[in-house]
Amino acid sequence: MKEQIKNQLLQLADHKYQKFATSLIPNVDNDTVLGVRLPELRKLAKSLAKDNWRTYLKASLKGSESEYFEEIMLQGMLIGYVKADIEEILEYVGNFVPKINNWSICDSFCIGLKFTNKNKDKVWPFLQSYLSSTQEYELRFGVVMLLNFFVDEEYIDEVLRLLNRIEHKGYYVKMAVAWAVSICFIKLPGQTMVLLRNNTLDDFTFNKALQKITESYRVDQETKMLIRGMKRKA
């Protein structure tokens with residue numbers, strides 16, 4: 001079945017789009033990107049989710065052989081579409097996370113895990129080990145899950161506490177934390193301003209968070225002036 005899916009992806013490959021896609025994705029060999037557009041991947045993932053998806057995921061997630069970028073992206077999308085008990089789905093999530101090696105797969109995977117909205121009490125403890133990981137993309141996965149699903153009144157204090165304690169040199173962790181802090185401010189400015197005034201974020205991450213806040217159309221001009229004035233000098 002896995003070979004059948006690979007052949008479908010090869011048929012959907014777009015050489016012109018492949019060049020564009022590889023220019024946006026770090027840590028990916030050009031030869032491993034086919035150039036399949038995301039709508040086509042989503043369509044295929046939805047189709048797979050209707051029948052025999054366990055066979056495909058079990059074969060794909062246990063394999064260590066080289067795979068195309070789109071194969072990995074498809075597996076992540078599929079996990080977001082399947083219907084099963086939350087415990088089973090989280091097992092597939094846990095098996096998939098080690099395959100994340102760039103921001104594109106990470107962020108597309110996270111946004112697709114919409115079952116989180118109805119299962120926050122189960123997903124929250126599941127994420128904690130990733131939020132203390134030393135691996136760049138495991139940590140980014142945890143942070144992006146927070147900003148997508150847990151920036152609300154119930155979780156905001158814990159989310160801010162977790163973001164503030166993250167110390168990692170990885171660029172894609174720093175950018176994810178900055179992004180998350182900005183989302184926290186946009187949605188819940190009062191609580192987040194407390195963090196902005198007193199935090200242990202490194203200068204790069206802090207200033208990037210401020211920049212992202214000021215780039216948002218949901219923040220008024222007066223507040224943007226205040227935020228710009230908080231920038232740390234080199």
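Keep in mind the model is a prediction, meaning the values are calculated, not measured.
When each of Phe96, Trp103, Tyr130 is tested with Phe141 by the rule ring-ring contact (aromatic ring centres under 6.0 Å, His included), just one qualifies, namely Tyr130.
Residues Leu131 and Met145 are not in side-chain contact: their nearest non-hydrogen atoms beyond the backbone lie 4.5 Å or more apart. No side-chain heavy atom of Lys50 sits less than 4.5 Å from a side-chain heavy atom of Lys83. Side-chain atoms of Thr22 and Phe69, non-hydrogen and from C-beta on, never get closer than 4.5 Å to each other. Residues Leu188 and Leu160 are not in side-chain contact: their nearest non-hydrogen atoms beyond the backbone lie 4.5 Å or more apart. Looking at heavy atoms from C-beta onward, Glu136 lies in side-chain contact with His168 at the 4.5 angstrom threshold. You'll find the side chain of Val143 reaches within 4.5 Å of the side chain of Leu163, heavy atoms only. Residues Ile72 and Ile100 form no side-chain contact, since every pair of their non-hydrogen atoms from C-beta on lies 4.5 Å or further apart. With contacts defined as side-chain heavy-atom distances shorter than 4.5 Å, the pair Lys99/Leu61 qualifies.
A distance of 8.5 Å separates OG1 of Thr32 from CD of Gln18, quoted to the nearest 0.5 Å. Note that the CG atom of Leu38 and the OG atom of Ser108 stand 5.5 Å from one another [nearest 0.5 Å]. Atom NZ of Lys114 sits about 14.5 Å away from atom CG of Asn119, to the nearest 0.5 Å. One distance of note links CD of Glu71 with CG of Leu41; it measures 10.5 Å at 0.5 Å rounding. Note: Ile105 CD1 to Met73 CE = 5.5 Å, rounded to the nearest 0.5 Å. Remark: Leu139 CG to Ile166 CD1 distance equals 4.5 Å, nearest 0.5 Å.
Put simply, the side chain of Ser60 gets close to the backbone of Tyr56: a donor and an acceptor are under 3.5 Å apart. In this structure, Gln128 contributes its side chain and Trp124 its backbone to a donor-acceptor pair below 3.5 Å. Checked by atom type and distance alone, the side chain of Glu70 pairs as donor or acceptor with a backbone atom of Gly35 at under 3.5 Å. Formation of a donor-acceptor pair under 3.5 Å by the Asn95 side chain with backbone atoms of Glu91 is found in this model.
Across all non-hydrogen atoms, the minimal contact from Ile89 to Ala84 is CD1-O, 3.5 Å. Listed here is the closest heavy atom pair of Arg228 and Thr214: CG-CG2, 3.8 Å. Scanning both residues, Ile156 and Cys184, for their nearest heavy atoms gives CD1-SG, 3.8 Å. Nearest approach of Tyr68 to Asp31, heavy atoms of both residues: CE2-O, 3.6 Å. Between Ile25 and Ala21, the shortest heavy-atom contact is CG1-O, 3.2 Å. Minimum interatomic distance between Ser182 and Ala209 (heavy atoms only, all atoms of both residues): CB-O, 3.9 Å.
Counting only residues at least two apart or in different chains, ring-ring contact (aromatic ring centres under 6.0 Å, His included) contacts with residues 183-222 are absent.
Remark: Glu222 CD is loosely packed, at most 12 non-hydrogen atoms of other residues, nucleotides or ligands lying under 6.0 Å away. For Tyr172, the OH atom sits in a packed shell: over 12 heavy atoms of surrounding residues, nucleotides or ligands are nearer than 6.0 Å. Counting heavy-atom neighbours within 6.0 Å of Glu167 CD, excluding the residue itself, gives a total of 12 or less.
A salt bridge between Glu67 and Lys6 is absent, with no side-chain N of the basic residue lying under 4.0 Å from a carboxylate O of the acidic one. The pair Arg140-Asp107 meets the salt-bridge criterion, since a charged nitrogen lies less than 4.0 angstrom from a carboxylate oxygen.
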Extract all donor-acceptor atom pairs below 3.5 Å that involve side chains of residues 146-155 and protein atoms in other chains or at least two apart in sequence.
{"residue": "Asn148", "atom": "ND2", "partner": "Val144", "partner atom": "O", "Å": "3.0"}
{"residue": "Asp152", "atom": "OD1", "partner": "Glu154", "partner atom": "N", "Å": "3.2"}
{"residue": "Asp152", "atom": "OD1", "partner": "Tyr155", "partner atom": "N", "Å": "2.9"}
{"residue": "Asp152", "atom": "OD2", "partner": "Lys120", "partner atom": "NZ", "Å": "2.7"}
{"residue": "Glu153", "atom": "OE1", "partner": "Gln191", "partner atom": "NE2", "Å": "3.1"}

Asp14 and Val36: CA distance, side-chain angles, deciding distance, side-chain contact (heavy atoms from CB on, under 4.5 Å) verdict: CA-CA 6 Å; Asp14 181 332; Val36 181; over 6 Å; no
Full working for side-chain contact (heavy atoms from CB on, under 4.5 Å) between Arg42 and Met77: CA-CA 7 Å; Arg42 292 192 187 96; Met77 287 180 175; 3.8 Å; yes
CA sep, side-chain torsions, deciding dist, call: Tyr137, Val97, side-chain contact (heavy atoms from CB on, under 4.5 Å): CA-CA 8 Å; Tyr137 288 104; Val97 170; over 6 Å; no
side-chain contact (heavy atoms from CB on, under 4.5 Å) assessment of Arg165 paired with Thr200: CA-CA 7 Å; Arg165 80 175 191 184; Thr200 57; over 6 Å; no
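Looking at Gln211 and Glu215, their side chains do bring a donor and an acceptor atom within 3.5 Å of each other. Inspection of the Asp220 and Thr223 side chains reveals an N or O donor paired with an N or O acceptor under 3.5 Å.
When the side chains of ILVMFWY residues are joined at heavy-atom separations under 4.5 Å, either directly or via intervening members, Ile111 and Leu90 end up in two distinct hydrophobic clusters. Neither Val194 nor Ile227 shares a network with the other; the hydrophobic side chains, linked directly or stepwise wherever heavy atoms of I, L, V, M, F, W or Y lie under 4.5 Å apart, form separate groups for each.
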